[in-house]
Asks: 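My questions will all concern the structure given below.
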Amino acid sequence: QVQLVESGGGLVQAGASVRLTCTASEPTFSHYTMAWFRQAPGKEREAVGTLSKFGAYTILADSVKGRFTISSDNTENTMYLEMTRLQPDDTGVYYCAAGVSGPRQAMNGAMDYWGKGTLVTVSS
């Protein structure tokens with residue numbers, strides 16, 4: 001079973017940049033679609049973006065396009081979420097996930113493995 005651990009969250013001011021890291025317990029990128037989700041206080045979890053197998057391409061939610069970037073390194077078990085120009089609406093718990101669904105299906109939350117999340121708080 002794949003275990004996922006997120007790190008890098010914290011309290012930042014609006015306009016700042018933060019990089020989140022997702023570390024998997026085993027090489028995953030050749031087997032699974034990877035994704036970032038977030039859940040704001042009192043709201044449902046939503047997709048931030050997905051990374052296709054082998055890191056070929058990414059899909060980003062409209063709300064973060066142009067500000068957030070998903071990438072991975074060459075170890076096949078580390079994924080990043082680079083977040084720039086953060087806004088208070090970006091506040092929430094950010095989750096890393098892995099699954100066998102394709103990248104578009106994954107945007108609907110159809111994932112098999114989830115991390116416990118890391119909190120990002122953006123103050124105005």
Asks: Are Phe54 and Ile59 joined in one hydrophobic group, where the rule is that I, L, V, M, F, W and Y side chains link up if heavy atoms are under 4.5 Å apart?
Replies: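 Different clusters: Phe54 never reaches Ile59 through Ile, Leu, Val, Met, Phe, Trp or Tyr contacts under 4.5 Å.
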Asks: Can you confirm whether Val100 sits close enough to Tyr32 that some side-chain heavy atom of one is under 4.5 Å from a side-chain heavy atom of the other?
Replies: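 Heavy-atom side-chain distance check passes, below 4.5 Å.
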Asks: With rounding to the nearest 0.5 angstrom, report the CZ to CZ distance, Arg67 to Arg85.
Replies: 7.0 Å
Asks: Is there a donor-acceptor contact under 3.5 Å from the side chain of Asn77 to the main chain of Ser25?
Replies: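 No; judged by distance alone, with no hydrogens or angles, the pair does not exist.
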Asks: Do the side chains of Leu81 and Val2 join up, straight or via other hydrophobic residues, at under 4.5 Å, putting them in one cluster?
Replies: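 They do share one cluster, since a chain of ILVMFWY contacts under 4.5 Å joins Leu81 to Val2.
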Asks: Would you say Val93 ends up clustered with Val120 if hydrophobic residues are merged whenever their side chains have heavy atoms under 4.5 Å apart, either directly or through other cluster members?
Replies: no
Asks: Determine whether a donor-acceptor pair (N or O, by modelled atom type, separation under 3.5 Å) exists between the side chain of Thr121 and the backbone of Thr91.
Replies: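 No, the answer is negative, given that no donor and acceptor are paired below the 3.5 Å cut-off.
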Asks: Answer with yes or no whether the side chains of Arg38 and Tyr94 bring together a donor and an acceptor at under 3.5 Å.
Replies: yes
Asks: What heavy-atom pair brings Thr50 and Ile70 nearest, and what distance separates the two atoms?
Replies: N-CD1, 3.7 Å
Asks: List the steps and the verdict of side-chain contact (heavy atoms from CB on, under 4.5 Å) for Ser7 and Thr118.
Replies: CA-CA 6 Å; Ser7 61; Thr118 185; 5.7 Å; no
Asks: Answer with yes or no whether the hydrophobic clustering places Met83 together with Val64; edges join I, L, V, M, F, W, Y residues whose side-chain heavy atoms lie under 4.5 Å apart.
Replies: yes
Asks: Taking all non-hydrogen atoms of both residues, which atom of Ala47 and which atom of Ala61 are closest, and how far apart?
Replies: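 The pair with the smallest heavy-atom distance is O-CB, 3.4 Å.
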Asks: Listed by chain and number, what are the side-chain hydrogen bond (donor to acceptor under 3.5 Å, both in side chains) partners of Gln3, not counting sequence neighbours?
Replies: none
Asks: For Trp114 and Gly109, work out which heavy atoms get closest and say how close.
Replies: CZ2-O, 3.7 Å
Asks: Give the minimum heavy-atom separation between Leu11 and Ser123, together with the two atoms involved.
Replies: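 That closest heavy-atom pairing would be CD1-CB, 4.4 Å.
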Asks: Between Ser72 and Met79, is there a donor-acceptor pair closer than 3.5 Å when you use the side chain of the first and the backbone of the second?
Replies: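 No; judged by distance alone, with no hydrogens or angles, the pair does not exist.
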Asks: Mind checking the CZ-OG spacing from Phe29 to Ser52? Nearest 0.5 Å is all I need.
Replies: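 Rounded to the nearest 0.5 Å, the CZ-OG separation comes to 11.0 Å.
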Asks: Could you measure the distance from the CG atom of Asp90 to the OG atom of Ser63? Nearest 0.5 Å is fine.
Replies: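 These two atoms lie 7.5 Å from each other.
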Asks: Thinking salt bridges, do Lys116 and Glu6 make one under a 4.0 Å N-O criterion?
Replies: no
Asks: Considering residues, nucleotides and ligands other than Glu26, do more than 12 of their heavy atoms fall under 6.0 Å from its CD?
Replies: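 Correct, the count exceeds 12.
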Asks: Does one hydrophobic cluster hold both Met34 and Leu20, with members joined at side-chain heavy-atom distances below 4.5 Å?
Replies: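 Both belong to a single hydrophobic cluster.
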Asks: With heavy-atom distances below 4.5 Å as the criterion, would you say the side chains of Leu86 and Val12 are in contact?
Replies: yes
Asks: Hey, what do you get for CG (Asp112) to CD (Gln1), rounding to the nearest 0.5 Å?
Replies: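 Here the interatomic distance stands at 10.0 Å.
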Asks: Of all the heavy-atom pairs spanning Ala24 and Leu4, show the shortest one and how long it is.
Replies: CB-CD2, 3.7 Å
Asks: For Pro88 versus Ala14, what's the shortest heavy-atom pair and its separation?
Replies: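 Smallest heavy-atom distance, with atoms named: CD-CB, 4.2 Å.
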Asks: Taking atom types as modelled and ignoring hydrogens, do the side chains of Glu76 and Thr28 form a donor-acceptor contact shorter than 3.5 angstrom?
Replies: no
Asks: Determine whether the aromatic ring centres of Trp36 and Phe68 lie less than 6.0 Å apart.
Replies: no
Asks: Where the side chain of Thr58 meets the backbone of Leu51, is there a donor-acceptor pair that is under 3.5 Å apart?
Replies: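 Side chain of Thr58 to backbone of Leu51, a donor-acceptor pair under 3.5 Å: no, none is there.
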Asks: Between Ser101 and Gln105, is there a donor-acceptor pair closer than 3.5 Å when you use the side chain of the first and the backbone of the second?
Replies: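 Flag not set: sc Ser101 to bb Gln105 has no pair under 3.5 Å.
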